[in-house]
Amino acid sequence: MTRRGAAVAALAVAAFCFNTTENLPIGLLRFIAADLDTSPSAVGLLVTGYGIVVAAVSVPITRLTVRVPRRPLLSGVLLVLVLMTWAAALAPGYGSLLAVRVVTALGQALFWPVAVVTAAGLMPPERRGRAASYVFAGGSLAIVLGVPAGTWLGEAAGWRAAFAALGVPALGALAAVAALLPDGPPGQGHAAAASRPDARRFRLLIVVVVLAVGGFFTAYTYIAEFLTEVTGVPEPALSPLLLANGAADVAGLAVAAALVDRGSRRLLGGAAAVMAVALLGLFAFGAAPAGAVAGLVLMGLAIPAIATGMQARVLETAPGNTDVASAWASAAFNVGIAGGALGGGLLLPVYGVRATALAGALAVAAAAVLVGAERLLAGPGRPREPGRAPPGGAPSRRAVPGLPRAHGRGPGRGPGRWLGRGRRSEAHSVSPKGTEPPGGQDH
């Protein structure tokens with residue numbers, strides 16, 4: 001493994017740690033509530049409040065740090081993660097634990113947009129979508145492995161031991177990132193600016209993310225209730241079914257990594273279509289165990305492909321700095337999570353849990369239609385001038401308010417440590433006859 005490949009792996013481990021600490025209170029809910037003498041709903045706020053903070057501050061905190069070099073910035077964010085994870089293990093009461101969670105959420109709000117773009121920039125332009133998918137893989141494995149392992153440790157040794165243990169891989173990720181990330185000012189390299197900036201397509205992408213993620217979480221937030229009430233699955237059988245969903249999630253990551261650089265718009269639209277079919281099938285056939293299992297597997301395959309396709313489209317269409325654009329996408333993702341959970345919760349007492357699958361399917365289907373109709377809605381993509389790369393860091397003529405330009409001298413004129421001496425990024429240069437740059441065939 002090369003040094004840059006190892007740096008991407010370190011960022012994936014950091015993503016695993018962040019997503020595990022975000023969701024760990026779900027598995028430890030009753031232990032935390034009993035130890036701190038508080039209600040389960042108050043412990044639930046440790047997760048929902050965390051997500052609200054991430055959604056609210058991702059864009060402003062990323063804009064404030066856009067000129068900070070990536071290595072010290074990410075090292076500082078991971079230092080916050082390590083210290084706050086251990087502080088959570090030592091929290092004397094609910095108030096102090098909530099404060100620790102808020103500080104950790106501030107770090108995660110900055111980590112995701114910066115880490116994904118940094119990982120993409122460490123790889124050649126034709127592989128940057130795959131590099132971003134590796135970071136998402138770390139986040140997904142947190143749900144499949146991290147939270148169950150933390151829950152097991154919490155049951156065996158107490159919830160504080162689970163948080164204390166999580167600080168160990170976080171510390172390892174910090175050491176690796178600090179040692180392996182290249183030096184250099186921000187705003188350089190092929191990932192600093194999008195390959196085909198287009199503000200209308202970027203705005204449409206944000207809407208697609210909210211609809212697709214919101215539709216998924218409208219149903220998935222209440223999937224345990226669906227399986228027990230509609231399918232009739234006994235509670236002891238829930239874990240194997242959810243494990244099948246997690247295994248499909250891992251498989252979906254592998255598929256997304258293989259396909260993303262061949263056409264991110266097709267990946268995003270196809271994954272949204274698969275998700276809509278899965279949720280509609282769950283609504284129509286979820287009363288039968290076979291139908292429920294099929295729906296769970298398809299959902300697991302689709303959601304990581306949606307996340308991977310989303311980030312790849314950010315790197316292609318962002319009308320300004322890609323870190324800030326990624327922060328907008330991260331905020332939209334979290335709005336979708338919160339909005340989906342809220343929408344499903346409103347449907348639950350009125351129409352029953354089965355309605356959450358239908359509502360989710362309609363929302364995700366709308367997202368798939370928007371992706372398919374992108375050219376009609378956003379117009380033809382801006383053609384690249386023959387013989388010229390788009391100006392590195394220059395804002396789009398249709399710039400999105402609040403998106404600063406990418407800083408630095410531009411990806412086509414960066415120093416040799418990023419692109420080779422004097423060579424333009426392949427993502428920004430004119431393609432050889434008969435070929436397209438990554439993602440170009442999607443426009």
Side-chain angles (χ1 to χ4, degrees), residues 22-23 25-26 29 39-52 54-56 143 206-235 237-238 241-242 244-246 248-249 271-304 306-307 310 331-371:
E22 177 182 5
N23 295 285
I26 296 173
L29 188 146
S39 67
S41 59
V43 177
L45 184 61
L46 297 175
V47 178
T48 56
Y50 191 107
I52 291 170
V54 172
I143 306 301
I206 296 301
V207 175
V208 166
V209 170
V210 173
L211 286 173
V213 176
F216 170 68
F217 277 96
T218 297
Y220 191 73
T221 304
Y222 307 97
I223 195 65
E225 288 85 348
F226 186 101
L227 293 172
T228 54
E229 295 180 18
V230 178
T231 312
V233 173
E235 287 195 9
L238 283 177
L241 287 177
L242 295 178
N245 175 262
D249 193 301
V274 170
M275 179 66 76
V277 169
L279 293 174
L280 190 60
L282 201 61
F283 171 76
F285 308 111
V293 171
L296 284 172
V297 170
L298 288 176
M299 289 164 66
L301 289 171
I303 190 62
I306 289 173
M310 169 200 78
F333 204 98
N334 281 277
V335 167
I337 293 173
L342 176 61
L346 294 175
L347 289 171
L348 205 59
V350 181
Y351 299 103
V353 70
R354 191 174 183 181
T356 61
L358 179 59
L362 294 175
V364 181
V369 170
L370 289 179
V371 175

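Residues: numbered from 1 along the sequence shown.
Here the closest non-hydrogen pair linking Asn334 and Ala55 is CB-CB, 3.5 Å. Here the closest non-hydrogen pair linking Ala363 and Gly215 is CB-CA, 3.8 Å. When every heavy atom of Val364 is checked against every heavy atom of Ala272, the shortest pair comes out as CG1-O, 3.1 Å. Summarising the geometry of Met299 relative to Met275, their closest heavy-atom pair is O-CE, 3.6 Å, with the distance given to 0.1 Å. The two residues Phe226 and Ala357 have their closest heavy-atom pair at CE1-CB, 4.2 Å.
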Kindly list each side-chain donor-acceptor pair under 3.5 angstrom involving residues 346-353, sequence neighbours excluded, with atom names and distances?
none

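Scored by the side-chain hydrogen bond (donor to acceptor under 3.5 Å, both in side chains) test, Thr228 finds no partners at all (sequence neighbours excluded). In this view, Tyr220 and Phe216 satisfy the ring pair (Phe, Tyr, Trp, His ring centres under 6.0 Å) rule, not counting sequence neighbours. Listed by chain and residue number, Ala276 satisfy the side-chain contact (heavy atoms from CB on, under 4.5 Å) test with Ala365 (two or more places apart in sequence, or in another chain). The side-chain contact (heavy atoms from CB on, under 4.5 Å) search around Ala42 returns Thr38, Ser39, Tyr94, not counting sequence neighbours. In this structure Phe333 satisfies the side-chain contact (heavy atoms from CB on, under 4.5 Å) test together with Val209, Val213, Ala307, Met310, Ile337, sequence neighbours excluded. The side-chain hydrogen bond (donor to acceptor under 3.5 Å, both in side chains) search around Asp249 returns Ser140, not counting sequence neighbours. For Ala237, the side-chain contact (heavy atoms from CB on, under 4.5 Å) test picks out Val233, Pro234, with sequence neighbours left out.
When each of Ile223, Thr231, Leu301 is checked for a side chain to side chain contact (heavy atoms under 4.5 Å, CB included) with Leu296, only Ile223 meets the rule.
No side-chain donor-acceptor contact under 3.5 Å links Thr218 to the backbone of Thr356.
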Applying side chain to side chain contact (heavy atoms under 4.5 Å, CB included) to Leu280 and Leu358, what does each step give before you reach the verdict?
CA-CA 6 Å; Leu280 190 60; Leu358 179 59; 4.1 Å; yes
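Contact annotation: the side chain of Asn245 never approaches that of Val297 to less than 4.5 Å [non-hydrogen atoms, C-beta and beyond].
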